[in-house]
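Take a look at the structure below.
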There are 2 protein chains.
Amino acid sequence: MLSKKTRYAFRALSYLAENYGGGPVLISEISKEKKIPLKFLENILNELKKANLLESKKGKGGGYFLKLSPKKINLATVIRVINGPIALLPCVSLNFYEKCEDCDEEICGIRKVMTITRDVTLKILEKKTLYNIIHASV
Amino acid sequence: MLSKKTRYAFRALSYLAENYGGGPVLISEISKEKKIPLKFLENILNELKKANLLESKKGKGGGYFLKLSPKKINLATVIRVINGPIALLPCVSLNFYEKCEDCDEEICGIRKVMTITRDVTLKILEKKTLYNIIHASV
DNA sequence: TTGATATCCTACCATTTTAGTAGGGGAAAG
DNA sequence: CTTTCCCCTACTAAAATGGTAGGATATCAA
(Lines give C-alpha, C1' and ligand atoms only; values in the text may rest on other atoms or scores of the structure.)
Protein backbone atom coordinates (compact mmCIF):
# COMPACT_ATOMS: atom_id res chain seq x y z
CA MET A 1 0.00 0.00 0.00
CA LEU A 2 1.02 3.57 -0.61
CA SER A 3 1.87 5.56 2.50
CA LYS A 4 -0.25 8.45 3.69
CA LYS A 5 2.63 10.67 2.73
CA THR A 6 2.39 9.49 -0.87
CA ARG A 7 -1.33 10.16 -0.94
CA TYR A 8 -0.66 13.66 0.39
CA ALA A 9 1.90 14.10 -2.37
CA PHE A 10 -0.65 13.17 -5.01
CA ARG A 11 -3.22 15.53 -3.59
CA ALA A 12 -0.72 18.39 -3.46
CA LEU A 13 0.51 17.68 -6.96
CA SER A 14 -3.03 17.57 -8.27
CA TYR A 15 -3.60 20.99 -6.84
CA LEU A 16 -0.43 22.31 -8.41
CA ALA A 17 -1.37 20.67 -11.70
CA GLU A 18 -4.70 22.47 -11.65
CA ASN A 19 -2.84 25.72 -11.09
CA TYR A 20 -0.16 24.99 -13.66
CA GLY A 21 0.96 28.13 -15.43
CA GLY A 22 -0.57 30.35 -12.80
CA GLY A 23 2.58 31.17 -10.86
CA PRO A 24 3.79 29.98 -7.44
CA VAL A 25 1.32 28.53 -4.96
CA LEU A 26 1.79 28.88 -1.20
CA ILE A 27 2.36 25.79 0.92
CA SER A 28 -0.22 27.19 3.31
CA GLU A 29 -2.78 27.40 0.51
CA ILE A 30 -2.26 23.80 -0.53
CA SER A 31 -2.30 22.73 3.10
CA LYS A 32 -5.61 24.48 3.66
CA GLU A 33 -7.32 23.46 0.45
CA LYS A 34 -6.21 19.85 0.51
CA LYS A 35 -6.25 19.42 4.28
CA ILE A 36 -2.67 18.33 4.65
CA PRO A 37 -0.69 19.14 7.85
CA LEU A 38 1.37 22.19 6.96
CA LYS A 39 4.78 21.22 8.23
CA PHE A 40 4.46 17.72 6.88
CA LEU A 41 3.51 19.10 3.50
CA GLU A 42 6.52 21.41 3.58
CA ASN A 43 8.62 18.29 3.87
CA ILE A 44 6.88 16.51 1.02
CA LEU A 45 7.08 19.42 -1.40
CA ASN A 46 10.75 19.78 -0.66
CA GLU A 47 11.40 16.16 -1.54
CA LEU A 48 9.49 16.58 -4.76
CA LYS A 49 11.57 19.64 -5.52
CA LYS A 50 14.81 17.75 -4.93
CA ALA A 51 13.51 15.11 -7.30
CA ASN A 52 13.14 17.83 -9.94
CA LEU A 53 9.38 17.69 -10.15
CA LEU A 54 8.78 21.06 -8.55
CA GLU A 55 10.36 24.46 -8.43
CA SER A 56 10.05 27.05 -5.69
CA LYS A 57 10.41 30.71 -5.12
CA LYS A 58 11.14 32.35 -1.78
CA GLY A 59 9.81 35.58 -0.35
CA LYS A 60 6.69 37.49 -1.19
CA GLY A 61 4.86 36.17 -4.21
CA GLY A 62 6.74 32.91 -3.72
CA GLY A 63 5.59 29.34 -3.41
CA TYR A 64 5.78 26.07 -5.29
CA PHE A 65 4.93 25.22 -8.89
CA LEU A 66 5.36 22.31 -11.26
CA LYS A 67 8.65 22.26 -13.11
CA LEU A 68 7.11 20.27 -15.97
CA SER A 69 3.70 20.17 -17.55
CA PRO A 70 1.18 17.88 -15.80
CA LYS A 71 1.28 15.67 -18.89
CA LYS A 72 4.97 15.01 -18.34
CA ILE A 73 4.82 13.92 -14.69
CA ASN A 74 3.82 10.28 -14.45
CA LEU A 75 2.60 8.49 -11.35
CA ALA A 76 5.43 5.97 -11.22
CA THR A 77 7.94 8.78 -10.79
CA VAL A 78 5.99 10.32 -7.92
CA ILE A 79 5.59 6.97 -6.16
CA ARG A 80 9.28 6.21 -6.46
CA VAL A 81 10.27 9.57 -4.99
CA ILE A 82 7.95 9.50 -2.00
CA ASN A 83 7.01 5.87 -1.46
CA GLY A 84 9.95 3.90 -2.81
CA PRO A 85 10.01 0.78 -4.97
CA ILE A 86 7.05 -0.18 -7.12
CA ALA A 87 8.04 -3.84 -7.47
CA LEU A 88 6.84 -6.29 -4.84
CA LEU A 89 10.32 -7.69 -4.22
CA PRO A 90 13.69 -5.92 -4.04
CA CYS A 91 15.25 -8.48 -6.39
CA VAL A 92 12.78 -7.43 -9.07
CA SER A 93 13.00 -3.68 -8.64
CA LEU A 94 14.46 -1.62 -11.48
CA ASN A 95 15.29 1.45 -9.41
CA PHE A 96 15.84 -0.06 -5.95
CA TYR A 97 17.34 -3.42 -6.85
CA GLU A 98 18.75 -5.60 -4.09
CA LYS A 99 19.94 -9.15 -4.44
CA CYS A 100 18.07 -11.68 -2.36
CA GLU A 101 20.01 -14.21 -0.33
CA ASP A 102 19.54 -17.92 -0.76
CA CYS A 103 17.87 -17.63 -4.10
CA ASP A 104 19.02 -18.41 -7.60
CA GLU A 105 17.46 -15.63 -9.64
CA GLU A 106 17.66 -17.67 -12.82
CA ILE A 107 15.26 -20.29 -11.58
CA CYS A 108 13.31 -18.52 -8.83
CA GLY A 109 9.65 -18.95 -9.63
CA ILE A 110 8.42 -16.18 -7.37
CA ARG A 111 10.79 -13.78 -9.01
CA LYS A 112 9.40 -14.62 -12.42
CA VAL A 113 5.84 -13.88 -11.38
CA MET A 114 6.84 -10.68 -9.60
CA THR A 115 8.70 -9.50 -12.66
CA ILE A 116 5.59 -9.87 -14.78
CA THR A 117 3.55 -8.11 -12.13
CA ARG A 118 6.00 -5.25 -12.01
CA ASP A 119 5.88 -4.88 -15.76
CA VAL A 120 2.12 -4.60 -16.07
CA THR A 121 1.98 -2.23 -13.11
CA LEU A 122 4.65 0.02 -14.53
CA LYS A 123 3.02 0.05 -17.93
CA ILE A 124 0.06 1.77 -16.30
CA LEU A 125 1.79 3.96 -13.73
CA GLU A 126 4.34 5.28 -16.21
CA LYS A 127 1.69 6.09 -18.75
CA LYS A 128 -0.73 7.86 -16.44
CA THR A 129 0.18 11.42 -15.52
CA LEU A 130 -0.99 14.23 -13.28
CA TYR A 131 -2.99 15.42 -16.27
CA ASN A 132 -4.88 12.14 -16.30
CA ILE A 133 -5.78 12.28 -12.65
CA ILE A 134 -7.13 15.83 -12.76
CA HIS A 135 -9.11 15.08 -15.92
CA ALA A 136 -10.33 11.68 -14.83
CA SER A 137 -13.92 12.27 -15.87
CA VAL A 138 -12.86 12.58 -19.51
CA MET B 1 6.81 -4.29 -1.08
CA LEU B 2 6.09 -7.67 0.39
CA SER B 3 7.27 -8.15 3.96
CA LYS B 4 10.03 -10.58 4.86
CA LYS B 5 7.36 -12.65 6.54
CA THR B 6 5.51 -13.00 3.24
CA ARG B 7 8.67 -14.07 1.49
CA TYR B 8 9.24 -16.66 4.21
CA ALA B 9 5.68 -17.84 3.67
CA PHE B 10 6.29 -18.34 -0.03
CA ARG B 11 9.49 -20.24 0.61
CA ALA B 12 7.80 -22.49 3.15
CA LEU B 13 4.81 -23.09 0.91
CA SER B 14 7.08 -23.94 -2.00
CA TYR B 15 8.73 -26.57 0.14
CA LEU B 16 5.37 -28.01 1.15
CA ALA B 17 4.24 -27.92 -2.47
CA GLU B 18 7.27 -29.94 -3.48
CA ASN B 19 6.38 -32.45 -0.80
CA TYR B 20 2.69 -32.47 -1.60
CA GLY B 21 1.16 -35.90 -1.08
CA GLY B 22 4.14 -37.09 0.96
CA GLY B 23 2.60 -36.65 4.40
CA PRO B 24 3.26 -34.10 7.14
CA VAL B 25 6.50 -32.10 7.12
CA LEU B 26 8.12 -30.88 10.32
CA ILE B 27 8.42 -27.14 10.99
CA SER B 28 12.00 -27.81 11.99
CA GLU B 29 12.70 -29.42 8.62
CA ILE B 30 11.29 -26.47 6.68
CA SER B 31 13.12 -24.08 8.97
CA LYS B 32 16.41 -25.83 8.33
CA GLU B 33 16.00 -26.39 4.61
CA LYS B 34 14.68 -22.94 3.81
CA LYS B 35 16.69 -21.07 6.46
CA ILE B 36 13.73 -19.49 8.20
CA PRO B 37 13.86 -18.72 11.96
CA LEU B 38 12.01 -21.60 13.61
CA LYS B 39 9.68 -19.79 15.98
CA PHE B 40 8.84 -17.18 13.39
CA LEU B 41 8.04 -19.90 10.90
CA GLU B 42 5.81 -21.59 13.48
CA ASN B 43 3.83 -18.39 13.58
CA ILE B 44 3.57 -18.10 9.81
CA LEU B 45 2.46 -21.68 9.26
CA ASN B 46 -0.19 -21.29 11.89
CA GLU B 47 -1.62 -18.26 10.15
CA LEU B 48 -1.69 -20.14 6.88
CA LYS B 49 -3.47 -22.96 8.62
CA LYS B 50 -6.10 -20.62 10.03
CA ALA B 51 -6.59 -19.33 6.51
CA ASN B 52 -7.33 -22.88 5.42
CA LEU B 53 -4.33 -23.28 3.22
CA LEU B 54 -2.56 -25.80 5.43
CA GLU B 55 -3.43 -28.68 7.70
CA SER B 56 -1.41 -29.94 10.60
CA LYS B 57 -0.95 -33.01 12.70
CA LYS B 58 0.41 -33.08 16.22
CA GLY B 59 2.66 -35.63 17.87
CA LYS B 60 5.05 -38.12 16.35
CA GLY B 61 4.77 -38.32 12.58
CA GLY B 62 3.11 -34.92 12.67
CA GLY B 63 3.82 -31.69 10.87
CA TYR B 64 2.27 -29.45 8.25
CA PHE B 65 0.98 -30.20 4.77
CA LEU B 66 -0.99 -28.43 2.07
CA LYS B 67 -4.73 -28.72 2.40
CA LEU B 68 -5.20 -28.21 -1.33
CA SER B 69 -3.18 -29.15 -4.36
CA PRO B 70 -0.41 -26.67 -5.28
CA LYS B 71 -2.39 -25.86 -8.41
CA LYS B 72 -5.26 -24.59 -6.29
CA ILE B 73 -3.34 -22.18 -4.09
CA ASN B 74 -2.81 -18.89 -5.86
CA LEU B 75 -0.36 -16.17 -4.90
CA ALA B 76 -2.96 -13.49 -4.29
CA THR B 77 -4.49 -15.58 -1.52
CA VAL B 78 -1.16 -16.09 0.20
CA ILE B 79 -0.28 -12.40 -0.02
CA ARG B 80 -3.63 -11.38 1.43
CA VAL B 81 -3.26 -13.74 4.37
CA ILE B 82 0.27 -12.78 5.36
CA ASN B 83 0.89 -9.37 3.84
CA GLY B 84 -2.53 -7.76 3.61
CA PRO B 85 -4.10 -5.76 0.78
CA ILE B 86 -2.87 -6.07 -2.77
CA ALA B 87 -4.34 -2.77 -3.95
CA LEU B 88 -2.22 0.35 -3.58
CA LEU B 89 -4.99 2.28 -1.82
CA PRO B 90 -7.51 1.14 0.82
CA CYS B 91 -10.37 2.73 -1.14
CA VAL B 92 -9.59 0.42 -4.03
CA SER B 93 -9.09 -2.80 -2.13
CA LEU B 94 -11.57 -5.62 -2.68
CA ASN B 95 -10.81 -7.49 0.53
CA PHE B 96 -9.64 -4.69 2.81
CA TYR B 97 -11.76 -1.78 1.62
CA GLU B 98 -11.75 1.44 3.59
CA LYS B 99 -13.34 4.68 2.54
CA CYS B 100 -10.97 7.59 2.12
CA GLU B 101 -11.81 10.90 3.69
CA ASP B 102 -12.11 14.06 1.65
CA CYS B 103 -12.47 12.28 -1.64
CA ASP B 104 -15.38 11.74 -3.95
CA GLU B 105 -14.83 8.23 -5.20
CA GLU B 106 -16.91 8.83 -8.29
CA ILE B 107 -14.58 11.42 -9.67
CA CYS B 108 -11.26 10.69 -7.94
CA GLY B 109 -8.66 10.35 -10.65
CA ILE B 110 -6.08 8.57 -8.53
CA ARG B 111 -8.67 6.02 -7.56
CA LYS B 112 -9.41 5.27 -11.18
CA VAL B 113 -5.78 4.57 -12.02
CA MET B 114 -5.29 2.49 -8.89
CA THR B 115 -8.34 0.41 -9.73
CA ILE B 116 -6.90 -0.45 -13.13
CA THR B 117 -3.55 -1.25 -11.53
CA ARG B 118 -5.20 -3.51 -8.99
CA ASP B 119 -7.06 -5.34 -11.73
CA VAL B 120 -4.03 -6.16 -13.85
CA THR B 121 -2.05 -7.17 -10.77
CA LEU B 122 -4.78 -9.47 -9.52
CA LYS B 123 -5.21 -11.02 -12.93
CA ILE B 124 -1.67 -12.32 -12.60
CA LEU B 125 -1.49 -13.10 -8.90
CA GLU B 126 -4.79 -14.95 -8.88
CA LYS B 127 -3.82 -17.01 -11.87
CA LYS B 128 -0.35 -18.01 -10.72
CA THR B 129 -0.21 -20.77 -8.15
CA LEU B 130 2.30 -22.60 -5.99
CA TYR B 131 2.54 -25.11 -8.82
CA ASN B 132 3.71 -22.36 -11.15
CA ILE B 133 6.42 -21.15 -8.83
CA ILE B 134 7.91 -24.59 -8.23
CA HIS B 135 7.81 -25.41 -11.94
CA ALA B 136 9.00 -22.03 -13.10
CA SER B 137 11.55 -23.38 -15.55
CA VAL B 138 8.79 -25.00 -17.59
C1' DT C 1 -0.55 -44.67 31.26
C1' DT C 2 3.29 -42.28 30.74
C1' DG C 3 6.77 -40.24 28.23
C1' DA C 4 8.34 -38.38 23.96
C1' DT C 5 7.10 -35.67 20.02
C1' DA C 6 5.28 -31.79 17.78
C1' DT C 7 2.00 -28.23 17.11
C1' DC C 8 -0.59 -24.30 19.50
C1' DC C 9 -0.98 -20.09 22.10
C1' DT C 10 0.10 -15.90 24.67
C1' DA C 11 3.07 -12.58 25.71
C1' DC C 12 7.04 -10.00 25.26
C1' DC C 13 10.76 -7.21 22.95
C1' DA C 14 14.08 -4.59 19.89
C1' DT C 15 14.40 -2.09 15.75
C1' DT C 16 12.58 0.43 11.93
C1' DT C 17 9.17 3.07 9.66
C1' DT C 18 5.50 6.29 9.66
C1' DA C 19 3.45 10.47 10.55
C1' DG C 20 3.99 14.05 12.22
C1' DT C 21 5.90 18.74 15.33
C1' DA C 22 9.11 22.53 16.72
C1' DG C 23 11.89 26.13 15.79
C1' DG C 24 15.14 28.73 13.84
C1' DG C 25 17.94 30.06 9.28
C1' DG C 26 18.18 32.28 5.00
C1' DA C 27 16.72 34.14 0.43
C1' DA C 28 13.92 37.44 -2.02
C1' DA C 29 10.80 41.35 -2.66
C1' DG C 30 9.42 45.81 -1.69
C1' DC D 1 15.61 46.43 6.68
C1' DT D 2 11.49 44.20 7.47
C1' DT D 3 8.11 41.07 5.96
C1' DT D 4 7.17 37.00 3.55
C1' DC D 5 7.96 32.48 2.62
C1' DC D 6 10.79 28.48 1.66
C1' DC D 7 14.72 25.60 3.83
C1' DC D 8 16.86 22.66 7.19
C1' DT D 9 17.84 20.05 11.35
C1' DA D 10 16.25 17.74 15.07
C1' DC D 11 12.93 15.61 17.90
C1' DT D 12 8.97 12.50 19.10
C1' DA D 13 4.80 9.36 19.58
C1' DA D 14 2.75 5.52 17.67
C1' DA D 15 2.54 1.66 14.77
C1' DA D 16 4.53 -2.08 12.08
C1' DT D 17 8.12 -5.46 11.47
C1' DG D 18 10.83 -9.21 12.69
C1' DG D 19 11.66 -11.78 15.82
C1' DT D 20 12.04 -14.71 21.01
C1' DA D 21 10.50 -17.27 25.20
C1' DG D 22 8.03 -20.51 27.42
C1' DG D 23 4.44 -23.13 28.59
C1' DA D 24 -0.20 -25.61 27.10
C1' DT D 25 -2.17 -29.09 24.48
C1' DA D 26 -2.80 -32.94 21.38
C1' DT D 27 -1.11 -37.41 19.56
C1' DC D 28 1.38 -41.60 19.19
C1' DA D 29 3.63 -45.56 20.80
C1' DA D 30 5.76 -48.48 24.10
Side-chain angles (χ1 to χ4, degrees), chain A residues 1-12 16 23-32 34-67 79 81-85 88-90 96 98 100-101, chain B residues 1-12 16 23-32 34-67 79 81-85 88-90 96 98 100-101:
Chain A
M1 300 270 280
L2 300 177
S3 65
K4 214 165 171 180
K5 190 175 177 184
T6 309
R7 283 175 256 171
Y8 285 154
F10 277 126
R11 297 236 298 266
L16 290 174
V25 181
L26 293 180
I27 300 181
S28 56
E29 181 185 336
I30 304 172
S31 164
K32 203 175 159 192
K34 292 292 185 176
K35 290 173 187 159
I36 304 170
L38 185 96
K39 294 296 276 181
F40 197 32
L41 177 59
E42 213 176 292
N43 198 305
I44 294 167
L45 295 178
N46 222 258
E47 284 183 50
L48 292 169
K49 186 197 168 182
K50 281 177 185 159
N52 273 306
L53 300 179
L54 298 182
E55 285 210 84
S56 65
K57 221 181 136 187
K58 287 183 180 177
K60 188 159 195 181
Y64 279 97
F65 50 99
L66 294 186
K67 193 168 183 176
I79 292 175
V81 169
I82 305 295
N83 207 73
L88 289 173
L89 294 177
F96 299 82
E98 270 175 61
C100 44
E101 331 121 19
Chain B
M1 301 269 281
L2 300 178
S3 65
K4 212 166 172 180
K5 192 176 178 184
T6 308
R7 282 176 254 169
Y8 285 153
F10 276 127
R11 296 234 301 264
L16 290 174
V25 180
L26 293 179
I27 300 181
S28 55
E29 182 185 335
I30 304 172
S31 164
K32 203 175 158 191
K34 292 292 185 175
K35 290 173 188 160
I36 304 169
L38 186 93
K39 294 296 275 181
F40 197 31
L41 177 59
E42 212 176 294
N43 198 307
I44 294 166
L45 294 178
N46 224 257
E47 284 184 50
L48 291 169
K49 187 197 169 182
K50 281 177 186 159
N52 274 305
L53 299 180
L54 297 182
E55 285 211 85
S56 66
K57 223 182 135 186
K58 288 182 178 178
K60 187 159 194 180
Y64 278 97
F65 51 99
L66 294 186
K67 193 169 185 176
I79 291 175
V81 169
I82 305 295
N83 208 74
L88 289 173
L89 294 177
F96 300 81
E98 270 174 61
C100 44
E101 330 122 19

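Order of the sequence lines fixes the chain letters, A, B, ..., with proteins taken first and strands second; residue numbering starts at 1 for each chain.
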Has the side chain of A:E29 got a donor or acceptor atom sitting under 3.5 Å from an opposite partner on the base of D:dC5?
no
What is the distance, to the nearest angstrom, from the [atom1] atom on [X] to the [atom2] atom on [N]?
X: A:L45; N: C:dA19; atom1: CG; atom2: P; value: 16 Å
X: A:K49; N: D:dC7; atom1: NZ; atom2: C1'; value: 8 Å
X: B:K58; N: C:dC9; atom1: NZ; atom2: C1'; value: 9 Å

For [N] and [X] - does any side-chain N or O of the residue sit under 4.0 Å from the phosphate oxygens OP1/OP2?
X: B:S56; N: C:dA6; value: no
X: B:N46; N: C:dT7; value: no
X: B:K57; N: C:dT7; value: no

What nucleic acid atoms does [X] come within less than 4.0 Å of, heavy atoms only: base, sugar-phosphate, or nothing?
X: B:K39; value: base
X: A:K60; value: base
X: B:L26; value: sugar-phosphate

Closest to side chain of [X], choosing from [options]:
X: A:Y64; options: D:dT20, D:dG18, D:dC7; result: D:dC7
X: B:Y8; options: C:dG20, D:dC6, D:dG19; result: D:dG19
X: B:E42; options: D:dC6, D:dT25, D:dG22; result: D:dG22

Salt bridge present between B:K39 and B:E42 (N-O < 4.0 angstrom)
yes
How far apart are the C-alpha atoms of B:K50 and B:E47, what are their side-chain angles, what is the distance that settles it, and do they pass the salt bridge (charged side-chain N to carboxylate O under 4.0 Å, His left out) test?
CA-CA 5 Å; B:K50 281 177 186 159; B:E47 284 184 50; over 6 Å; no
Both A:K4 and B:I27 contact DNA chain C. Which one's nearest nucleotide lies toward the 5' end?
B:I27
Is there side-chain contact between B:L54 and B:L66, with at least one heavy-atom pair below 4.5 Å?
yes
Side-chain donor-acceptor pair under 3.5 Å between A:S3 and A:T6, yes or no?
yes
